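What follows is one structure encoded as C-alpha cells, with my remarks underneath.
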Amino acid sequence: MSIYRIIQSLANEKFAQCKIKGKDFEEIFEQRLIEEGFNTVEFTIDKELKKVILSSDTQIPNHTDLIGYVKEPFNSQSFPDFLVLNKSNIIPIELKTSEDTDKPMWNNSVPKQNAIYLFMAYSCIPEKREVLYFRGCDVITKEASDVLKQRLIQAQEQSKFTKEELALLDVYNHGWDIYVRANYQQKIHISDTNPSFVNHPNKEANKRKVLDYLRSFDTEKETITM
C-alpha cells in the first residue's frame with residue numbers, strides 16, 4: 001500500500017468525466033485508496049487527538065495498530081476530508097476543486113502546515129483540468145497563518161455589540177447585528193505575488209516535497225519519478 005503512488009497517479013490521470021465536482025473528486029480519491037489496498041477503519045478519536053488533527057501543525061504519529069483510512073472524521077464540512085493511517089503516521093488529506101479557476105476557495109481555513117492538499121483546478125474544463133498537490137507548510141508559513149487567524153479574531157471581537165447597544169440602534173426592531181465570517185482568500189499584493197496554483201513557479205517543487213515527505217515514513221522503498 002502506498003499513498004504517494006495514489007497521489008502521483010492522480011496528477012497524471014486523464015479523467016473521462018466532462019465535469020468533476022467536489023464530491024466526485026472525493027469519490028475518485030476514495031476509490032484509489034481502495035484499489036491500493038486501504039480499507040475503512042473504525043478509529044476512536046479522543047478530544048486531545050482531535051485537537052492535534054485539526055491544527056495539523058506537526059506530524060501525527062499512529063499509536064494504533066490500524067492501517068487504512070477514515071473519511072470525513074469530523075463531518076462533511078470540517079477539515080480533513082480523509083485521514084490515512086499507515087504504519088507510523090496519521091496523514092490528514094484535504095481535497096479541493098475549482099470548476100473554472102486555478103486556485104481553490106479557502107473559506108474559513110488557511111492551509112494546515114502538516115496536511116496534504118489535493119487540488120483539481122479547472123475541474124469542469126477538461127482541456128485545462130489539472131491535479132496538483134502540496135503541503136500547507138510549502139504555501140504559507142506558520143507565522144503568516146497565525147497572524148491571519150489572530151487578525152480575524154480581533155475583527156470578530158471588535159464587531160460585537162451588547163444587547164443594549166443593538167436595541168438603541170435597531171429603531172424598527174428588525175434585529176440587525178453584525179456577523180464577521182472567516183473567509184481567507186488569495187490576491188495579488190506586489191508584482192511577484194502569484195495566487196495561481198497552476199502557474200506558480202513552485203508548483204513542481206511542492207509536488208516533489210509531498211512525495212519525499214510521504215516516502216520518508218513509507219515502509220515501501222520505491223523510487224519515485226516525476
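In this text the structure is predicted, and so the values were computed from the model without any measurement.
Under the 3.5 Å distance criterion, the side-chain polar atoms of Lys203 are matched with a main-chain donor or acceptor of Val198. One N or O on the side chain of His200 and one on the backbone of Asn202 form a donor-acceptor pair closer than 3.5 Å. In this structure, the side chain of Glu36 engages the main chain of Ser2 through a donor-acceptor pair within 3.5 Å. Of the possible donor and acceptor atoms, none in the side chain of Asp81 sits under 3.5 Å from a partner among the backbone N and O of Glu72. Under the 3.5 Å distance criterion, the side-chain polar atoms of Gln113 are matched with a main-chain donor or acceptor of Ile140. Put simply, the side chain of Asn194 gets close to the backbone of Asn199: a donor and an acceptor are under 3.5 Å apart. Here the side chain of Ser145 pairs no donor or acceptor atom with the backbone of Thr141 at under 3.5 angstrom. One N or O on the side chain of Asp170 and one on the backbone of Gly175 form a donor-acceptor pair closer than 3.5 Å. A donor-acceptor pair is defined here as one N or O able to donate and one able to accept, closer than 3.5 Å; such a pair exists between the side chain of Ser9 and the backbone of Ile6. Remark: side-chain polar atoms of Ser123 are paired, donor with acceptor, to backbone N or O of Ile20 under 3.5 angstrom.
Two residues are said to be in side-chain contact when any heavy atoms from C-beta on lie closer than 4.5 Å; Phe15 and Val131 meet this criterion. Between Pro92 and Leu83 there is a side-chain heavy-atom pair separated by less than 4.5 Å. For the pair Leu152 and Asn108, the minimum side-chain heavy-atom distance is 4.5 Å or more. Side-chain atoms of Thr97 and Phe119, non-hydrogen and from C-beta on, never get closer than 4.5 Å to each other. The shortest distance between side-chain heavy atoms of Ser88 and Asn62 does not fall below 4.5 Å. Between Tyr184 and Lys149 there is a side-chain heavy-atom pair separated by less than 4.5 Å. The shortest distance between side-chain heavy atoms of Lys112 and Ser109 falls below 4.5 Å. When side chains are defined from C-beta on, Gln186 counts as touching Pro104, because their heavy atoms get closer than 4.5 Å.
Taking the ring pair (Phe, Tyr, Trp, His ring centres under 6.0 Å) definition, one finds that Trp106 meets it with Tyr117, sequence neighbours left out. For Tyr122, the ring pair (Phe, Tyr, Trp, His ring centres under 6.0 Å) criterion is met by no residue, not counting sequence neighbours.
In this structure, Ala155 and Val180 approach most closely via the heavy-atom pair O-CG2, 4.1 Å. Residues Lys187 and Pro195 share a closest heavy-atom pair of C-CG, 4.0 Å. Residues Gly68 and Val41 approach most closely at CA-CG1, 3.9 Å, considering heavy atoms. The two residues Leu118 and Tyr133 come nearest to each other via the heavy atoms CD2-CB, 3.6 Å.
Residues Ile7 and Leu132 are members of separate hydrophobic clusters, defined by side-chain heavy-atom contacts under 4.5 angstrom among Ile, Leu, Val, Met, Phe, Trp and Tyr. One hydrophobic cluster holds both Ile34 and Tyr4 under the rule that ILVMFWY side chains link at heavy-atom gaps under 4.5 Å. Under a hydrophobic-cluster definition in which Ile, Leu, Val, Met, Phe, Trp and Tyr are linked whenever side-chain heavy atoms come within less than 4.5 Å, directly or via other members, Val139 and Leu148 are assigned to the same cluster. Hydrophobic clustering (side-chain heavy atoms under 4.5 Å, transitive across Ile, Leu, Val, Met, Phe, Trp, Tyr) groups Leu85 together with Ile53. Transitive grouping of hydrophobic side chains (ILVMFWY, heavy atoms separated by less than 4.5 Å) brings Phe74 and Leu66 into a common cluster.
Distance check: Thr40 OG1 to Phe82 CZ gives 11.0 Å after rounding to the nearest 0.5 Å. Interatomic distance, CZ of Phe25 versus CE of Met120, reported as 4.5 Å (0.5 Å rounding). Taking NZ from Lys96 and CZ from Phe197, the interatomic distance works out to 10.0 Å, rounded to the nearest 0.5 Å. Distance CG/Leu214 to CD1/Ile116: 4.0 Å, rounded to 0.5 Å. Distance CG/Leu33 to CD1/Ile3: 5.0 Å, rounded to 0.5 Å. Taking CG of Asn206 as the reference point, atom CG of Leu211 lies at 11.0 Å (rounded to 0.5 Å).
We find that Asp146 and Lys142 are joined by a salt bridge, their nearest charged nitrogen and carboxylate oxygen being less than 4.0 Å apart. Taking a cutoff of 4.0 Å between a charged side-chain nitrogen and a carboxylate oxygen, Glu27 and Lys21 do not qualify as a salt bridge. At a threshold of 4.0 Å, the pair Glu26-Lys23 counts as salt-bridged, since one of the basic side-chain nitrogens sits closer than that to a carboxylate oxygen.
The number of heavy-atom neighbours closer than 6.0 Å to CD of Gln185, taken from other residues, nucleotides and ligands shown, is above 12. Heavy-atom neighbours of Gln150 CD from other residues, nucleotides or ligands within 6.0 Å: above the threshold of 12.
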Evaluate the salt bridge (charged side-chain N to carboxylate O under 4.0 Å, His left out) criterion for residues Arg5 and Glu35: first the C-alpha distance (whole Å), next the side-chain angles of each, then the deciding distance (0.1 Å), finally the verdict. CA-CA 11 Å; Arg5 188 159 54 216; Glu35 292 171 356; over 6 Å; no
Would you sort out whether Glu30 and Tyr69 count as a side chain to side chain donor-acceptor pair (under 3.5 Å), showing the intermediate values? CA-CA 9 Å; Glu30 185 172 18; Tyr69 73 92; 2.7 Å; yes
Residue pair Leu166, Trp176: steps toward the side-chain contact (heavy atoms from CB on, under 4.5 Å) verdict: CA-CA 7 Å; Leu166 289 171; Trp176 296 111; over 6 Å; no
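Side-chain contact check for Arg135 and Asn114: at least one donor-acceptor pair (N or O, by modelled atom type) lies under 3.5 Å. Side-chain atoms of Asn89 and Gln59 include a donor-acceptor pair closer than 3.5 Å.
In this structure, Lys207 forms no cation-pi arrangement with Phe134, as its terminal cationic atom is not both closer than 6.0 Å to the ring centre and no more than 45° off the ring axis.
Considering Ile60, Val52, Leu54 in turn, Ile60 is the only one that fulfils the side-chain contact (heavy atoms from CB on, under 4.5 Å) rule with Ser56. Under the side-chain hydrogen bond (donor to acceptor under 3.5 Å, both in side chains) test applied with Glu13, the options Arg32, Arg129, Gln8 reduce to a single match, Arg32.
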